[in-house]
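Scroll down for the structure; my scribbles are underneath it.
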Amino acid sequence: MNVIVCAYGEIHLKGANRGFFLRKLERNIKGILPQTTKVTVTDTRVLVTDYTDEQQTVERLQRVMGLISIKVCQKVNYTQPKDILAHLKKLKINGKFKVEINRANKNFPIKSPTFAAQCGDLILQNNAQAVVDVHHPDTIVQIEIRNNGVAYVATGAQKGLGGLPVGVSGRAICLISGGIDSPVAAFLAMKRGLAVDFVHFATPPYTSDLALAKVETLCRQVCTYGHEAKLYIVPFTEIGSRIQKNCHDQYIITLMRRFMIALTEKIGLANGADCIITGENLAQVASQTIQGITSNNFVAKQLPILRPLICFDKEEIVNLAKKIGTYETSILPYQDCCTVFVPQHPAIKPNLTDVLAEEEKLDFDTLVNNSYNAILCKNLPNTYAE
Ligand code: ATP
Ligand code: MG
């Protein structure tokens with residue numbers, strides 16, 4: 001019988017919180033798999049059984065944050081070492097291989113290195129094309145000897161995503177623009193255990209329904225990592241236009257960002273967020289110099305702003321976007337509000353005093369409240385909900 005055995009990463013470090021972390025992990029795994037699949041979380045492993053489509057199950061488990069490896073194993077019941085050896089006789093191995101033993105059962109009568117050698121000898125006897133190579137094996141035969149008279153034998157393992165189960169670190173609200181960076185920022189925040197909701201600032205008629213659909217697609221793509229989320233769509237045309245009309249050109253982007261942060265904090269506080277996430281990246285564009293970032297940093301009074309990509313190179317962000325599956329959507333050519341209102345020469349090092357003086361020309365609170373009162377909220381369900 002096959003069992004998918006998953007190992008989890010940092011959870012073992014969590015002391016008193018371990019139970020909480022494991023319950024979240026279990027819930028997240030169950031949420032990504034069909035209801036008929038059985039998921040059992042043990043002290044050190046997650047066992048997945050009763051699935052119908054093995055490949056699909058493995059692929060979905062590779063989307064669960066917190067898992068570090070996923071192995072399709074044969075389950076072997078044993079009372080003595082020879083029971084496991086008898087099973088190994090059936091293994092077909094070609095080329096270079098090595099055996100790794102994980103002996104959770106400390107009463108197992110043979111120590112790991114000796115048993116690994118015995119298993120290796122047996123595989124060599126039964127497979128004419130097999131050779132041992134402990135440094136560069138093509139196949140690693142992994143044998144986990146558990147306590148309850150069960151061993152798991154695998155000849156390959158898939159890497160898991162790593163990180164922590166989504167939800168263990170609290171909730172975040174992520175500003176998502178439709179570009180390459182913000183979905184990646186959301187993904188990285190989720191990987192450290194934050195359940196992420198999204199906020200997008202739309203400027204119709206300057207930005208189209210297609211641009212909005214693109215943002216929704218991006219959010220849904222992030223949600224394929226076994227996550228459900230809300231997408232708040234905030235009308236931003238009035239704010240953008242007022243800034244453009246009343247304030248000095250070079251501060252338009254800075255002021256827009258300040259309004260965005262203020263609105264995001266308001267939405268976040270009303271909906272249980274613990275922090276704000278942006279896709280900002282140091283010095284990527286003129287508005288993201290340290291002075292540019294500083295000038296929107298203190299708008300939020302209660303929620304911290306986390307910027308997971310702050311020190312990434314663009315190439316690293318692009319590679320991650322490709323890996324998580326958002327890149328192709330992100331590069332679709334629709335306009336964002338920042339491109340609509342972007343001035344020719346934004347202030348590269350905006351001075352906060354000057355920015356505040358420009359902002360004084362506007363009725364900040366009224367504009368925020370007007371937008372806030374016209375927000376549209378979309379529920380993005382778990383992609384795998386049955
Ligand atoms: P991205 O950063 O997502 O690739 P971008 O680089 O075009 O898009 P920037 O102009 O760099 O976006 O904006 C920096 C950050 O500000 C974005 O990562 C995002 O978090 C936020 N942001 C910008 N525009 C919007 C918007 N229209 N709605 C929500 N958030 C936005
Ligand atoms: Mg960016």
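When a ligand or atom number is given, it counts from 1 through the structure's own listing order. Model, not experiment: these values are computed from the prediction.
Between the OH atom of Y251 and the CG atom of L356 there is a distance of 10.5 Å, given to the nearest 0.5 Å. Residue I180 holds its CD1 atom at 11.0 Å from CG of L309, rounded to the nearest 0.5 Å. From L269, atom CG reaches atom OG1 of T264 across 10.5 Å, with rounding to the nearest 0.5 Å.
For N281, no heavy-atom contact with ligand 1 is shorter than 4.0 Å. Contact annotation: for V199 versus ligand 1, heavy atoms closer than 4.0 Å belong to the backbone alone.
At least one N or O atom of F201 sits closer than 3.5 Å to an N or O atom of ligand 1. By the 3.5 Å distance cut-off applied to N or O atoms, T278 is not counted among the residues near ligand 1. At under 3.5 Å, a nitrogen or oxygen of I176, whether backbone or side chain, sits near a nitrogen or oxygen of ligand 1. Polar contact with ligand 1: present for L175 (N/O pair, distance under 3.5 Å).
Within the listing of ligand 1, atoms 1 (P), 3 (O), 4 (O) sit less than 4.0 angstrom from a heavy atom of I180. Of all atoms in ligand 1, listed by their number and element, those nearer than 4.0 Å to a heavy atom of G179 are 1 (P), 3 (O), 4 (O), 8 (O).
Heavy-atom minimum distance, G279 versus Q288: O-OE1, 4.4 Å.
Heavy-atom distances between M256 and ligand 1 stay at or above 4.0 Å for every pair.
For the side-chain hydrogen bond (donor to acceptor under 3.5 Å, both in side chains) with E26, the lone residue among K24, K30, R23 that qualifies is K30.
When the heavy-atom distances from atom 11 (O) of ligand 1 to K314, Q288, R307 are ranked, the shortest goes to Q288.
In the hydrophobic clustering of this structure, V184 groups with L231; members are Ile, Leu, Val, Met, Phe, Trp, Tyr whose side-chain heavy atoms approach within less than 4.5 Å, directly or through other members.
Taking a cutoff of 4.0 Å between a charged side-chain nitrogen and a carboxylate oxygen, R63 and E59 do not qualify as a salt bridge.
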